Amino acid sequence: MKILSANFVKSAVEPSHYPAGALPEIAFAGKSNVGKSSMINVLAQRKGLAKTSNSPGRTQLINFFNINDQFSFVDLPGYGYAKVPEAVRKHWGPMVETYLKERRELRLVIFIMDIRRNPDINDIKMFRWFDYYRIPYLLALTKIDKISRNQTVMRRRVILDSFKRPALTPVLFSAKTGAGRDELWGEMEKFIFEVRNNNR
Ligand code: GDP
């Protein structure tokens, strides 16, 4: 994918704030600190596009980015950030579920897990929503540069077993080395340009 332009559009909490227009959307979801912003920046080839910071303010919103005037990246709020107040944390579920349920432009969710961590209750909840609302998703296991190849094979198996989806094919990714970038783009392009989700 040749990136000609990549711009932040706006932040939203509810559907009336979502940008108008019918560009197809690829959403990114995962626990706080999993490497979501880094992945978006690597894919868009823009270092500061999605903030790679732990500031809970901005990360508790749904952030929309316009790429090439052709499609949008949607950065869904991370979960599990310890310093987020309970009141904010409570909004996370309804905010994300509403987006997944109602956003007709959504084509694919890139669901990101740190390859070194086991799925928690919120990770499992995300998978349930994908199933329930019939949302196409792709599992990306990130930070693979932090472990050996042998450990990568082992961790991949453990994570797929925990999700009870042993046959899933995750993309193995590293924002540090760029591993998995082309594979991820290849998959995303299928959903942006070819596959239309007729289930919704
Ligand atoms: P977010 O909260 O999910 O948006 O996570 P960030 O993108 O801000 O990343 C959290 C931390 O993990 C930062 O210190 C990043 O530099 C680091 N990080 C993200 N992706 C990778 C990766 O693939 N490899 C390594 N080694 N570090 C990463």
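The model shown is predicted, which means the values in this text are computed figures rather than measured ones. Whatever order the structure lists ligands and atoms in, that order sets their numbers, starting from 1. Excluded from the calculations below are hydrogen atoms, water molecules and symmetry mates; all remaining heavy atoms, backbone and side chain alike, are included.
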*What part of Asp145 sits under 4.0 Å from ligand 1 if we count only heavy atoms: the side chain, the backbone, both or neither?*
side chain
*Main-chain N/O of Asn66 paired with Asn7 side-chain donor or acceptor, under 3.5 Å*: no
*Could you establish whether Gly78 and ligand 1 come within less than 4.0 Å of each other, counting only heavy atoms on the residue side?*
no
*Which bit of Met39 gets closer than 4.0 Å to ligand 1, counting heavy atoms only: side chain, backbone, both or neither?*
neither
_Minimum non-hydrogen distance to atom 28 (C) of ligand 1, winning option of Lys31, Lys36, Lys143_ = Lys143
*Aromatic rings Phe163 and Phe127: how do their planes relate, parallel, tilted or perpendicular, breaks at 30° and 60°?*
parallel
*Is there a donor-acceptor contact under 3.5 Å from the side chain of Lys10 to the main chain of His17?*
yes
*Is the side chain of Arg165 donor-acceptor paired with the backbone N or O of Leu160 at a distance under 3.5 Å, no angle test?*
no
*For Ser174, take its heavy atoms, then give the atoms of ligand 1 lying under 4.0 Å from any of them.*
23 (O)
_Determine whether the aromatic ring centres of residues Phe173 and Trp185 are separated by less than 6.0 angstrom._
no
_Which residue is it: Lys31, Arg117, Arg128? I am looking for the one with a salt bridge (Lys or Arg N to Asp or Glu O under 4.0 Å) to Asp123._
Lys31
*Any N or O on Phe173 sitting closer than 3.5 Å to an N or O of ligand 1?*
no
*Would you say the side-chain atoms of Arg181 pair up with the backbone N or O of Val42, donor to acceptor, closer than 3.5 Å?*
yes
*Is Asn33 close to ligand 1, meaning an N/O of one under 3.5 Å from an N/O of the other?*
yes
*Under 4.0 Å from any heavy atom of Lys146, which atoms of ligand 1 are there?*
25 (C), 26 (N), 27 (N)
*Where's the contact between Thr142 and ligand 1, heavy-atom distance under 4.0 Å: side chain, backbone, both or neither?*
side chain
_Test item: side-chain donor near acceptor, Tyr18 and Glu25, under 3.5 Å_ = no
_ligand 1 atoms in contact with Ser38 (distance to a heavy atom under 4.0 Å)_ = 6 (P), 7 (O), 9 (O), 15 (C), 19 (C), 20 (N)
*With only distance considered, is Ile144 within less than 3.5 Å of ligand 1 through an N or O on each side?*
no
